[in-house]
Amino acid sequence: MQRYNPKDIEPRWQKIWNDSKIYQADDDSLKPKKYILEYFPYPSGATMHVGHVRNYTIGDSIARFYRMSGYNVLHPMGWDAFGLPAENYAIKNHVSPRKAIDDNTGRFREQLMQMGFSYDWSREIDSSDPNYYRWTQWFFLLLFKKGLAYQQESLQWWCPVDKTVLANEQVEAGKCWRCGNSVEKKSLKQWFFKITDYADRLLDDLDDLDWSDAIKAMQRNWIGRSNGAVIKFQVEKSQVVEVFTTRPDTLFGATFMVLAPEHPLVKSITSDIQKSEVEAYIKAAQAKSDVERQETDREKTGVFTGSYAINPVNKAKIPIWIADYVLSGYGTGAIMAVPAHDDRDYEFAKKFNLPITTVIEPVSGQEQGDEVRKQAIVAIVRNPKTNQILMLDWGPRQDRFGGKLFVGGGVDEAEDIVDCARREIAEETGYTNLKHVATTDTVAHGYYFSNVKNKNYYAKMHGLLFDLIDETQVDQQLDEGEKNKFKITWVDQLSAENLVDDDGHRYLFNALLGNGCYSGEGLMINSGQYDGTASSEAREKIVAELAETSSGQIVTNYKMRDWLISRQRYWGAPIPIIHCPKHGAVAVPDDQLPVKLPEIDSYEPSGDGRSPLAKVSEFVNTVCPQCGGPAERETDTMDGFACSSWYFLRFADTHNDQSPFSKAKVDEWLPVDDYIGGAEHAVMHLLYARFWTKVMYDDKLIDFQEPFTTLRNQGMILAPDGNKMSKSKGNTIEPGGLIDQGYGADSVRIMELFIGPWNQTAAWSVEGMGGAYRFLNRIWTLTQEYLETKSNKATTGESNDDIRRAVHFTIKKVSEDLNSLSFNTAIAAEMETLNQLYKFKAKDNYASQDWAWAIETFLQLLAPFAPHITEELWQALGHQTSIHSSQWPVHDDKYLIQDSMTIVIQVNGKLRGEISVPTNQPEAEIVSTAKANDKVSSYLEAKEIRKTIYISNKLVNFVV
RNA sequence: GGGCGAGUGGCGGAAUUGGUAUACGCGACGGACUUAAAAUCCGUUGGUCUUAACAACCUUGAGGGUUCAAGUCCCUCCUUGCCCACCA
């Protein structure tokens, strides 16, 4: 018998598949189309490890499954070839970036091919090929003509190591996303794409996408839409400062104003006396690295400018400060500070002793309409010796009752609230020797139902704090309804805040002992005519009032900024713009595209803020397309993400040299049905590509607004030691090595899929590889044995229903699992089936006539995962055409129906036995059989059966 | 601080959506084959008590709840992963 030797089988089939072009997509086929795409890789100097390969294995299995299911499948591959890593690699190794990319893509292509992935290589794309970037430049000009590309001088993130600017999305926690070094701010004239014009659409259209909630949430957070208002404050010296706020309802509580240190009005606002202090602060702020400034747990700092602003609603004169907790880039770079209702402002006010005015009081519970109104107290009793707080534990919280609360009670008519609190504490806890420490100056509004009095109440609850003088206790004096309903517990302060089960109680507790800042909604106080209004309502009314005097208006703000796309580096698509002294920035005419990257000797970035192209005079010096006068080319290149913002469209029409693509072909194939890749591009590529797609839609180049209908984020593969795989840690595992060891690509593929759910992180298992190989070896051996046995003797001609049933069941299971991408359980089911086939074989030694069908069908079910071995065995069984062009098997329900079934018997929900009954037996009979069962009857003896539950085809449960 | 997720044997993980928890694989142990080993094949393998078997009881991060029935639903807490983070 031939042994399973992947080294012999795999390269042979890869060549045959390649020569016969069986994986090429057909533009003209009438079959339904599917477009399966994995992120196109960055051909860096490294090789791909098993983590990278996971995502291609997933995509390939889906593509093969669809192909066998009758779809015309587009499954292409290309190279995201422009960008820093290729260039850095080239500089380090003293080769041209062109040469580096060609070497690297060659190696990557070979790695992908030896895994047996079914790509349509006739559509291969290289984004650094002039035939490709010509169209990237064409799209730049489209954006330029639509006013969506503009140039502006501004402070930008600058990476001192990579010597280029970076987009906001490409700075992660103050570090460059590529090299990991700290970035700086630098003022440069740069090109931007106006992605913010599309913010609303990018946000709203997320709802309909079949993407993971995590990625959608990341994009939502990144876009960061917040609805609020811009409010104008008059400053004494006649300037006006605008602030952005999402809480105009708290305007009456604005007790000071804070500007970012970089705010343009700081200079003119600052008084002479404060001048030196302010200047020193600004200097210090600038000296801080951006990483430092982004530390959130830093203590607040700031200085007073010496000026005052006038609050437009109540004409209060409020001091203007500057502080670096206000960001110059967001909103207007200035805020109205409401310390009573914003944590950051609260912290700042506490530190600098600024006034705090409460303007919102919380409301808990739901209004029922028939409330009795009353005043109430919430008394917090503290034992100063232990610093513990007294709580009443009313048992488990259920709906509106129970939970842990402080002492509470209604204020009697004409009763002083301190006396009331003392009375309630004595009645409920017996403590009488107390010192009154504080009373809140605001109240919590509460709607609640009193169990004792059986009435709905609305109470204004005052918070009071008492310290125990000693632990003398008298007898409690409880109402009938209160007796034995609660117990007294003592907890520490932190626990008290966490445990308290009523929002009003918690608010009053915080007002007395915690951070007195309340940022929720509620009822307005200290707000003139708005007192008593709900804050959500007051929000709109106050803005409307301000709008009348043009001192305020509704504004929507976004965290997302425009996309900075200039790079001061060589290896990118040149920005197709000519700067003319007369006409400014002029588009390079279409017929002069591509603006080719000149070949130069030194790619080293200069670090002076200009790209190496600036040194190439024959590139720079040109004529203005409009006037023919001398002009200079733009020397910055485009961010590599520009190239990847449309590559998925080019695959539909790769070789078009008249336009980026034909609309007909793109509409035929796109949007992408399954887009597969990691989550790392959530707010970069995936956002940019959506933006470009919308721009193209608006320009009627395509008929759809979203490029990727379904997005699948595969989980990461960690090294066996549980760490991320990395070259520097020396813990990477590469498929090539495993193939060389003799496991073969098929085993690697099985392992990639079987290791766990495709979208979860998993650690690679060296031992697991053996399991994957053994599985394939078992189907190999079984098939070879079958072939030998068959040639030695004729089959009995008898059919074996057990074999049929097992295989039909597997067809159903694997088909369902592939539709839901449960690769690991699909493979588990196949392993199980194979184990069963081994048992059948032991019984009949391949005598049944069903064996040929069983093995062939099994191979088909395995083909998407392990394409080589299944093809080899399929053709060994006598087929002349590829298994991958065969029709996916369909199960026959007839074989899934069993004549008997197992019914589980429970007594009081505990498993006590099981019986086997005919499938069509009526319920009554099943129940009586169950009752008579030996094991079960002993549990039923001398007991009354109160209830019998029968779940059809599953179980009987007797309740006794 | 905010958002999204995850906790099941020695390990990776199953569980038809509330109905036999631990499928499948790894590892371990035992057996067959072999001069021997590897490979292969066949078994056993959640825990406690027990010499062993039978049986019983326990078990899905912890605690409560709903239900005839909870890994699955509800509440509280703990641990942990990822993303964002002074965004007004």
Side-chain angles (χ1 to χ4, degrees), chain A residues 3 172-173 212-218 220-222 224 226 228 243-247 250 258 293-298 300 323-327 329-338 342-345 347-348 395-398 403-404 498-499 501 557-560 679-680 682-683 715-716 750-751 754-757 759-772 774-775 777-778 781 813 816 822 824-835 838-839 842 902-914 946-949 951-960:
Chain A
R3 294 196 58 169
E172 292 163 353
S212 74
D213 288 340
I215 301 281
K216 286 195 197 184
M218 277 187 229
R220 284 196 188 100
N221 289 342
W222 187 262
S226 55
V243 302
F244 175 74
T245 177
T246 54
R247 294 295 300 271
T250 62
V258 187
R293 269 188 73 168
Q294 284 175 358
E295 291 288 329
T296 50
D297 42 7
R298 245 168 70 229
K300 294 271 176 295
D324 64 7
Y325 81 92
V326 174
L327 307 174
Y330 184 76
T332 60
I335 60 156
M336 63 180 211
V338 185
D342 179 281
D343 286 318
R344 295 151 301 182
D345 299 344
E347 205 187 313
F348 194 83
R397 178 77 171 179
Q398 284 170 16
K404 292 190 179 63
N498 287 330
L499 290 173
D501 276 313
N557 246 318
Y558 303 90
K559 284 193 221 174
M560 183 172 67
E680 68 274 11
V683 294
M716 217 192 318
I750 292 285
M751 184 62 194
F754 186 66
I755 197 164
N759 54 359
Q760 268 174 41
T761 302
W764 190 260
S765 159
V766 177
E767 295 81 17
M769 261 320 292
R774 270 193 287 280
F775 167 54
N777 193 32
R778 274 162 74 79
T781 308
K813 171 77 177 154
E816 282 169 1
S822 306
N824 56 331
T825 55
I827 291 168
E830 291 175 359
M831 288 172 168
E832 235 170 310
T833 308
L834 189 55
N835 292 343
Y838 263 71
K839 296 223 163 70
T902 305
I903 298 287
V904 167
I905 311 160
Q906 298 181 334
V907 178
N908 283 349
K910 286 203 166 165
L911 179 70
R912 293 305 181 192
E914 55 181 58
R946 288 222 310 255
K947 204 169 168 188
T948 302
I949 290 137
I951 306 293
S952 102
N953 305 339
K954 285 218 173 85
L955 62 78
V956 180
N957 186 12
F958 297 107
V959 185
V960 299

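For the numbers below, each heavy atom of this structure counts, side chains included, while hydrogens, waters and symmetry mates do not. Residue numbers begin at 1 in each chain, while the letters A, B, ... track the order of the sequences.
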Could you work out the separation of U34(B) and G27(B) based on their P atoms and round it to a whole Å?
-> 25 Å
Once you apply the 3.5 Å cut-off to both distances, tell me the Watson-Crick or G-U wobble partner of C41(B), or none.
-> G31(B)
Which one, C4(B), C83(B), A88(B), comes nearest to the side chain of D213(A)?
-> C4(B)
Closest to the E832(A) side chain, choosing from A23(B), C86(B), G25(B) = A23(B)
How should the glycosidic conformation of G9(B) be described, syn or anti, under the criterion that syn lies within 90° of 0?
-> syn
So do I949(A) and V956(A) actually touch side chain to side chain, heavy atoms under 4.5 Å?
-> no
Could you check whether N835(A) gets within reach of a base, just the sugar-phosphate, or nothing at all, counting any heavy atom under 4.0 Å?
-> sugar-phosphate
Closest to the I949(A) side chain, choosing from C42(B), G19(B), C86(B) = G19(B)
G81(B) C1' sits how many Å from N759(A) CG, rounded?
-> 14 Å
Output yes when at least one side-chain N/O atom of R774(A) is less than 4.0 Å from OP1 or OP2 of C24(B), else no.
-> no
Below 4.5 Å, heavy atoms only, C-beta onward: do T250(A) and M336(A) meet side chain to side chain?
-> yes
Nucleotide C11(B), atom C1' - distance to CD of Q760(A) in whole Å = 15 Å
For I335(A) against Y325(A), the heavy-atom pair lying closest together = CD1-OH, 3.7 Å
Tell me which nucleotide among A88(B), C68(B), G25(B) gets nearest to the side chain of V326(A).
-> A88(B)
Out of C68(B), A88(B), U40(B), minimum distance to the side chain of V959(A) belongs to C68(B)
Distance, P atom - from A15(B) to A52(B), rounded to whole angstrom = 35 Å
What heavy-atom pair brings W222(A) and V683(A) nearest, and what distance separates the two atoms?
-> CB-CG1, 3.5 Å
How would you label the contact of A214(A) with the nucleic acid (heavy atoms, under 4.0 Å): base, sugar-phosphate, or nothing?
-> sugar-phosphate
Give the rounded distance in Å between these two atoms: CH2 of W764(A) and C1' of G25(B).
-> 13 Å
Between I827(A) and N221(A), just flag the one whose closest nucleotide in RNA chain B comes earlier from the 5' side.
-> N221(A)
Can you name the nearest heavy-atom pair linking P757(A) to N824(A), along with the distance?
-> N-ND2, 3.6 Å
Which listed nucleotide (A15(B), A88(B), C24(B)) is nearest to the side chain of M831(A)?
-> C24(B)
Nearest-nucleotide pick for Y325(A), side chain only, options being C86(B), A85(B), G27(B) = C86(B)
Any strand, both distances under 3.5 Å, Watson-Crick or G-U wobble: U16(B) pairs with none
Which heavy atom in A682(A) sits nearest to a heavy atom in I215(A), and how many Å separate them?
-> CB-CD1, 3.8 Å
Give none if A56(B) has no partner; otherwise give the nucleotide forming a Watson-Crick or G-U wobble pair with it, both distances under 3.5 Å.
-> U48(B)
Looking for any heavy atom pair under 4.0 Å, which part of the strands does A762(A) touch: base, sugar-phosphate only, or nothing?
-> nothing
Any N or O donor-acceptor pair linking the side chain of K559(A) to the base of C84(B) at under 3.5 Å?
-> no
R247(A) side chain near V338(A) side chain, heavy-atom distance below 4.5 Å | no
With the side chain defined as heavy atoms from C-beta on, M218(A) is closest, among C24(B), C83(B), C42(B), to C83(B)
No-hydrogen, no-angle side-chain donor-acceptor test under 3.5 Å, N835(A) and R778(A) = yes
Across the strands shown, which category fits K813(A) at heavy-atom distances under 4.0 angstrom: base, sugar-phosphate, nothing?
-> nothing
Report yes if at least one side-chain N or O of N824(A) is closer than 4.0 Å to OP1 or OP2 of A14(B); otherwise report no.
-> yes
5'-most contact on RNA chain B: S822(A) or G329(A), nearest heavy atom basis?
-> S822(A)
Can you figure out which of G3(B), G25(B), A85(B) approaches the side chain of A217(A) most closely?
-> G3(B)
Distance, C1' atom - from G81(B) to G31(B), rounded to whole angstrom = 44 Å
Which value, in whole Å, describes the distance between the C1' atoms of nucleotides U59(B) and U8(B)?
-> 10 Å
Nearest-Å distance, CG (L834(A)) to P (A23(B))?
-> 18 Å
Could you give the distance separating A36(B) and A23(B) at their C1' atoms, to the nearest angstrom?
-> 37 Å
Would you indicate what I755(A) reaches in the nucleic acid, counting non-hydrogen atoms under 4.0 angstrom: base, sugar-phosphate, or nothing?
-> sugar-phosphate
Which part of the nucleic acid does Q906(A) contact within heavy-atom distance under 4.0 Å: base, sugar-phosphate only, or nothing?
-> base
Between E767(A) (CD) and G13(B) (P), how many Å, whole number?
-> 15 Å
Just wondering, do M751(A) and S765(A) contact through their side chains at under 4.5 Å, heavy atoms?
-> yes
Base, sugar-phosphate alone, or nothing: which one does S226(A) contact when heavy atoms must sit under 4.0 Å apart?
-> sugar-phosphate
Base, sugar-phosphate, or nothing: which does V904(A) touch, judged by heavy atoms less than 4.0 Å apart?
-> base
Using Watson-Crick or G-U wobble geometry with both distances below 3.5 Å, tell me the partner of U76(B), or none.
-> A62(B)
Once you apply the 3.5 Å cut-off to both distances, tell me the Watson-Crick or G-U wobble partner of G81(B), or none.
-> C4(B)
S226(A) versus Y330(A), side-chain donor and acceptor atoms under 3.5 Å | yes
Look at all strands and tell whether T948(A) reaches a base, only sugar-phosphate, or nothing, counting heavy atoms closer than 4.0 Å.
-> nothing
Is any side-chain nitrogen or oxygen of S765(A) closer than 4.0 Å to OP1 or OP2 of C11(B)?
-> no
Could you give the distance separating C24(B) and C77(B) at their C1' atoms, to the nearest angstrom?
-> 35 Å
Please measure how far the P atom in G71(B) lies from the corresponding atom in A21(B), and state the result in whole Å.
-> 8 Å
What does R778(A) touch in the nucleic acid at a heavy-atom separation under 4.0 angstrom: a base, only the sugar-phosphate, or nothing?
-> sugar-phosphate
Figure out the CZ/C1' separation between F348(A) and A88(B), and round it to whole Å.
-> 14 Å
To the nearest angstrom, the CD-C1' distance between E816(A) and A14(B) comes to 15 Å
D345(A) CG to A88(B) C1', straight-line distance once rounded to whole Å = 7 Å
With a non-hydrogen cut-off below 4.0 angstrom, is G331(A) in contact with a base, only sugar-phosphate, or nothing?
-> nothing
Mate of U22(B) across any strand shown (Watson-Crick or G-U wobble, both atom pairs under 3.5 Å) is none
Inter-nucleotide C1' distance (C33(B), U72(B)), Å rounded = 47 Å
Has K216(A) got a side-chain N or O lying under 4.0 Å from the OP1 or OP2 atom of G5(B)?
-> no
Out of G5(B), C42(B), A88(B), whichever nucleotide has its closest atom nearest the side chain of T245(A) | A88(B)
